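Here the structure comes first, spelled out in structure tokens, and everything after it is commentary.
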Amino acid sequence: MNNLIVNLSYFIAAVLFIYGLKQMASPNNARSGIQWAGAGMVLATVITFINPAIHGNYILMILGIGIGGGIAWYTGKRVAMTDMPQMIALYNGMGGGAAAAIAAVELLKRHELPFSVQLLAVLGALIGSVAFSGSLIAFAKLQGIKAFSGVIRFKNQQMVNAALFGLTVLLGLVIAFSGTEYSLFTLFIFFLLALIFGVMMTLPIGGADMPVVISLYNALTGLAVGFEGYVLGNPAMMIAGIVVGSAGTLLTQLMAKAMNRPISNVLFSQFGGSTGEAQAVTGSMKAIETPDAAIMMAFAEKVIIIPGYGMAVAQAQHKIQELTKLLTERGVKVKFAIHPVAGRMPGHMNVLLAEAGVPYDLIYDLDEINEEFATADVALVIGANDVVNPVARTDPNSPIYGMPILNADYAKNVIVIKRGQGAGFSGVENHLFFADNCRMLYGDGQKVASDLINAVKEF
Amino acid sequence: MDGFTALYIFMLAAFTGYEVISKVPVILHTPLMSGSNFVHGIVLVGAMVALGQADTGTEMFIGFIAVLLAAGNAVGGYVVTERMLGMFKTSQKGASKA
């Protein structure tokens, strides 16, 4: 009887997960989507206490859920929206670690297992361990912990990593094929090597590529969970894990494509690879004062704002929202153009703007808005750089050539709010800044934005 | 479970994941990654079963770690996703005339 209730609950949970993810396809009902999925999770967790497969350790179970869940609840409620990517990495890593730990418990018992079960247990252990230690390094990098930030490389790194990976896989195969005959020492070394590999694989990857890596580890954790679900004979874990595995793989591809960085380049850390001379810049950067910029916008018909991560760093999004409201009240049409990689990961900028109170129907993707720049009076660029650099269209020798960009340079006037004169994170000179229709508005994003608000109010 | 039944489940689940995600707009990609991160928090159920079957001290310790981490995955994933999605508002019912 209990068995029936347990299986039925797991089935309902699996349905709710898929329904919840599907509901997320639109911002209107996305929130109810996650709530349905949450209900499924609570149901599955509570019902597991009467799962006949369990015969003890209930106190430890409640303790683990209380402590782990409590800490996650506390940190999740407090984390700033700008720090969201690394928190996702952290929670994801925990899931991967849990999948690996499940495999460890099963493999420690050295039971007679069918070959397919033993193989998937080992595979899930490998993938889960890599996702665990890799995600922790990704977290440390994005959090700006000194020892891990930046790109850590040494000679023959790829060879060392390949050898390490080969050895780990070899040990895994030995365990999978040896029935109950493998030694616990072999098992220990296998887990250790898998964890080290996750660290080594992530160390050489730079912070800007981290979103792709986090998304990849998210997919890997899903796979590991799905495989361990097979080991435990739990279809809900199998379905939820593999759904996330394939969804995460698709998401990773979308992100890599948006950044114009093939996944293999991200993982094996080659930036650019261009050899030719970059096109020379013609023209000069021309500065503009706040009142003149304010006039241009106040009397414009259409203004398109292009925010980048620099805006979030300067905490200027609330001021930008105020400016948007002010301009809208004057009858100016204001739209936001979001590049797929604006912020720290795709969609991150949307979250930051949503937090500041910008309505999402003013926010447009690259594909939706690129045609409109030609009809815009002003394109206001704040804290963005490479994503508006026209050399991506014109200069085949540039490392960012071919990356889809926002065509800000097609607008009648371009105003760039920028702290200083430096190049973007790719180190590529931005030809937009030298264009005839472009004016530079130097200063801290938040201060400039509030000056603009005051200036617009006077007209 | 029969290996082939598992293979069928994996295959169908993979297509489901692909279909469900391919329709999500870019503006929701971050919450979506976080939401799918939450969904694999179902590993908590497996962790509880593993801990519930643990006999030796080592097994119990590792099982406990599994439950601890899995609970962090599930709860953390839910909290941040819910927070992000709660922020999306439209201007249609607001005061602006855009």
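Just so we're clear, the structure is a prediction, and the values are computed from it rather than from any experiment. So you know, we letter chains A, B, ... as the sequences are listed, proteins then strands, and number each from 1.
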- request: Sort out for me which of G20(A), A104(A), S215(A), S116(A) touches chain B most, counting heavy-atom pairs under 4.5 Å.
  value: S215(A)
message: Has Y18(B) got a side-chain atom pairing as donor or acceptor with T249(A)'s backbone, closer than 3.5 angstrom?
response: no
query: N51(A) versus chain B, heavy atoms under 4.5 Å apart: side chain, backbone, both or neither?
result: side chain
Check: H55(A) side chain, A54(B) main-chain N or O, donor-acceptor pair, under 3.5 Å: no
- prompt: What salt bridge (charged side-chain N to carboxylate O under 4.0 Å, His left out) pairs are there with at least one residue in residues 48-60 of chain B, not counting sequence neighbours?
  reply: K109(A)-D55(B), K109(A)-E59(B)
message: Among A71(B), S36(B), G52(B), which residue has the highest count of heavy-atom pairs closer than 4.5 Å to chain A?
response: G52(B)
message: Does any backbone or side-chain atom of L254(A) lie under 4.5 Å from a heavy atom of chain B? Answer side chain, backbone, both or neither.
response: side chain
- request: Among L251(A), L353(A), I34(A), single out the residue with the greatest number of heavy-atom pairs under 4.5 Å to chain B.
  value: I34(A)
message: Less than 4.5 Å to any heavy atom of chain A: does that hold for the side chain of S22(B), its backbone, both, or neither?
response: both
- prompt: Just checking, any donor-acceptor pair under 3.5 angstrom between side chains of T48(A) and Y10(A)?
  reply: yes
message: Looking at Y58(A), I want to see if its OH is surrounded by more than 12 non-hydrogen atoms of other residues, nucleotides or ligands under 6.0 Å.
response: yes
query: Under a 4.5 Å heavy-atom cutoff, which of V79(A), I67(A), I71(A), T75(A) has the most pairs with chain B?
result: V79(A)
query: In this structure, are over 12 heavy atoms from other groups packed under 6.0 Å from Y74(A) atom OH?
result: no
- request: Side chain from CB out, backbone as N, CA, C, O: work out which of these in P85(A) comes under 4.5 Å of a heavy atom of chain B, or both, or neither.
  value: neither
task: Give the minimum heavy-atom separation between V80(B) and S34(B), together with the two atoms involved.
output: CG2-OG, 3.3 Å
message: Surrounding CZ of F188(A) (heavy atoms of other residues, nucleotides or ligands, distance under 6.0 Å), is the total greater than 12?
response: no
- request: Could you look at D365(A) and say if it's the side chain, the backbone, both or neither that has a heavy atom under 4.5 Å from chain B?
  value: side chain
- prompt: For E228(A), is it the side chain, the backbone, both or neither that has a heavy atom under 4.5 Å from a heavy atom of chain B?
  reply: neither
message: Which one wins on heavy-atom pair count under 4.5 Å against chain B: I338(A), N28(A), V351(A)?
response: V351(A)
field: Portion of M84(A) that has a non-hydrogen atom of chain B nearer than 4.5 angstrom
entry: side chain
- request: For each of I21(B), V49(B), I42(B), tally heavy-atom pairs with chain A at distances under 4.5 Å, and name the one with the top tally.
  value: I42(B)
Top contributor to chain A contacts, counting heavy-atom pairs under 4.5 Å, from L69(B), L85(B), V75(B), T81(B): L69(B)
message: Taking side chain as everything from C-beta outward and backbone as N, CA, C, O, which of these in I9(B) sits under 4.5 Å from a heavy atom of chain A? Side chain, backbone, both or neither.
response: side chain
task: Can you measure from CG (L232(A)) to CE (M238(A)) and round to the nearest 0.5 angstrom?
output: 11.0 Å
field: Under 4.5 Å from a heavy atom of chain B, the part of L366(A) involved
entry: neither
- prompt: Is there a donor-acceptor contact under 3.5 Å from the side chain of N57(A) to the main chain of L51(B)?
  reply: yes
query: For the candidates M237(A), M349(A), K22(A), which exhibits the highest count of non-hydrogen atom pairs separated by less than 4.5 Å from chain B?
result: M237(A)
Greatest number of heavy atom pairs closer than 4.5 Å to chain A - which of T16(B), L12(B), V39(B): V39(B)
query: Using a cut-off of under 4.5 Å for heavy-atom pairs, which of A14(A), G38(A), G241(A) has the most such pairs with chain B?
result: G38(A)
message: Could you check whether H29(B) and N350(A), counting side-chain N and O atoms only, form a donor-acceptor pair closer than 3.5 Å?
response: no
- request: Provide the closest heavy-atom pair for S9(A) versus I47(A) in the form atom of the first, atom of the second, distance.
  value: OG-CG1, 3.3 Å
